[in-house]
Amino acid sequence: MSKDLLQNIINDIENRIDSTSMNPEVGNVWEVFYLWDGVAKVSGLGEVAYNEVVEFESWAKGIALNLEEHFVWVVVLSGFNSIKEWEKAFSTGKVLEVPVWKGLVGRVVDALGNPIDGLGDIKSDENYPVERVATGVMSRKSVHEPMETGIKAIDALVPIGRGQRELIIGDRQTGKTQIAIDAILNQKGQWVTCVYVAIGQKEGKIARIVEELRKRGAMDYTIVVAAWASSPAAMQYLAPYAGCAMAEYFMFNKEHSLIIYDDLSKQANAYREMSLLLRRPPGREAYPWDVFYVHSRLLERASKLNDELGAGSMTALPIIETQAWDVSAYIPTNVISITDGQIFLESNLFNAGQKPAINVWLSVSRVWWAAQIKGMKKVSGTLKLDLAQYRELAAFSQFASDLDADTKAQLDRGSRMMELLKQDVYSPVTVPKQIASIYAGAKGYLDVIDASKVTKFEQDLYTSLDEEKTILESIRKENQITEETEAKLVDVIKKVVELYK
């Protein structure tokens, strides 16, 4: 070998050594060394953050929830069956996000925003994190606009405002979901986007709800987020946060949204299952110590923004299922303390045929008259007290053999008002019509009608009001009953009452 060639080789080696980086980039890669029940235990000290998305070689996806000294516990969201031991796992440096935009309206998606309705892919240029710090107090405005549900017992006695968090609570099979669905149906034409989050429900039940919403035109402004009973616990835990992010998109874009969490009891159960699998210490009723924080950081995101931020709003209606009317249990008391009021549904009322089975004596709205128009305040001002007195008298009269005329008259009127508050499913009533019917009962025009005919009277009254459109239009426009409108309303009521004498 010539001397020149040898020198060239030496120079080339020296150049390569000089250009070699002595600080190579270390990838954040781990190995799965244990798998069970939707949880992967991953070895290695990686630069991973709490709630960070972790991807596996098999394209499965999970989130890091337990960060320990020598390993990380990852809850797998999708593709668990494809993961093998000693498979590589990679941190992404991203928190979990879901797609948000108006194209989601009318679709059914899972907790990750993936379509599950067979209507094709969802393309979105914008994503929101499923977890977000709630809007600060200085960015909010007091609740002052009514969120009308179309349910007389709620709009008159337990009014809900835009930006409020109103709990729906009761035993199973008392009509909790039905109230939420009727509230969604009543938003038609109100420029409110609805998000219905089904947590741990049977697939057949969710399919029936979606079909009813579609049949009645409500899917035109509704997004359904479904994590049914067969879904992993992690998906049931994340579904409310995903739905909340989608509803927040409309609030931050100067619009109004209504979100239903059906129900948070099942989310708490899913979180308890996850926590026990992650070897977190159990607390009261085996729930982890931070289950209150799980619900509070979710419900606190519902708010009414101030005018500088566009005055958008997100109203939340969480649902909680009780066991044998035990409202003092851990999860019910937690959520009651977080929300701005509660609507109690009672099994005894439901079984007695009082539907919706709302216990108007125990239900309360902490915004109260701020969420009612003047016309409704006028006709329902003393209604709750009157019904409370009726209930007490009705309980007492069971043991009385003879009643005085005043007591009997009060009982008769109370029974007619209870009949007036009954309502069929999927039949929301506009507020002007509610005002008219409650006015007829509160002023005593129904006293001469048999209680069994009150429902028929109400339907005939609505038909007459549809023909005499000026009354409803005036109430809707003025938000109250003017003297002229009241005179016309009295004439219509008297004409309908004459049919039942």
May I ask you to say whether [X] pairs ionically with [Y], meaning some side-chain N is under 4.0 Å from a carboxylate O?
X	Y	answer
Glu212	Arg208	no
Arg297	Glu131	yes
Arg214	Glu211	no
Glu31	Lys88	yes
Glu308	Lys141	no
Arg165	Glu300	yes

Have a look at Ile151 and tell me which of Ile179, Val158, Leu421, Asn186 forms a side chain to side chain contact (heavy atoms under 4.5 Å, CB included) with it.
Ile179
The reported gap from CD in Gln178 to CD1 in Ile181 (rounded to nearest 0.5 angstrom) is 7.0 Å
Distance from Arg272 atom CZ to Met274 atom CE, nearest 0.5 Å?
13.5 Å
Close side-chain approach of Ile199 to Tyr237, heavy-atom, < 4.5 Å:
no
Under a 4.5 Å cut-off applied to non-hydrogen side-chain atoms, are Ile209 and Leu213 in contact?
yes
Would a distance-only check, ignoring hydrogens and angles, find a side-chain to backbone donor-acceptor pair under 3.5 Å from Glu87 to Lys84?
yes
Residue among Gln164, His256, Arg162, Lys304 satisfying side chain to side chain donor-acceptor pair (under 3.5 Å) with Ser313:
His256
Check whether more than 12 heavy atoms from other residues, nucleotides or ligands sit under 6.0 Å from atom NZ of Lys384, and answer yes or no.
yes
Taking the ring of Phe344 and the ring of Trp325, is the distance between their centroids below 6.0 Å?
yes
Give the C-alpha distance, both sets of side-chain angles, the deciding distance and a yes or no for side chain to side chain donor-acceptor pair (under 3.5 Å) between Tyr426 and Asp182.
CA-CA 6 Å; Tyr426 308 123; Asp182 286 343; over 6 Å; no
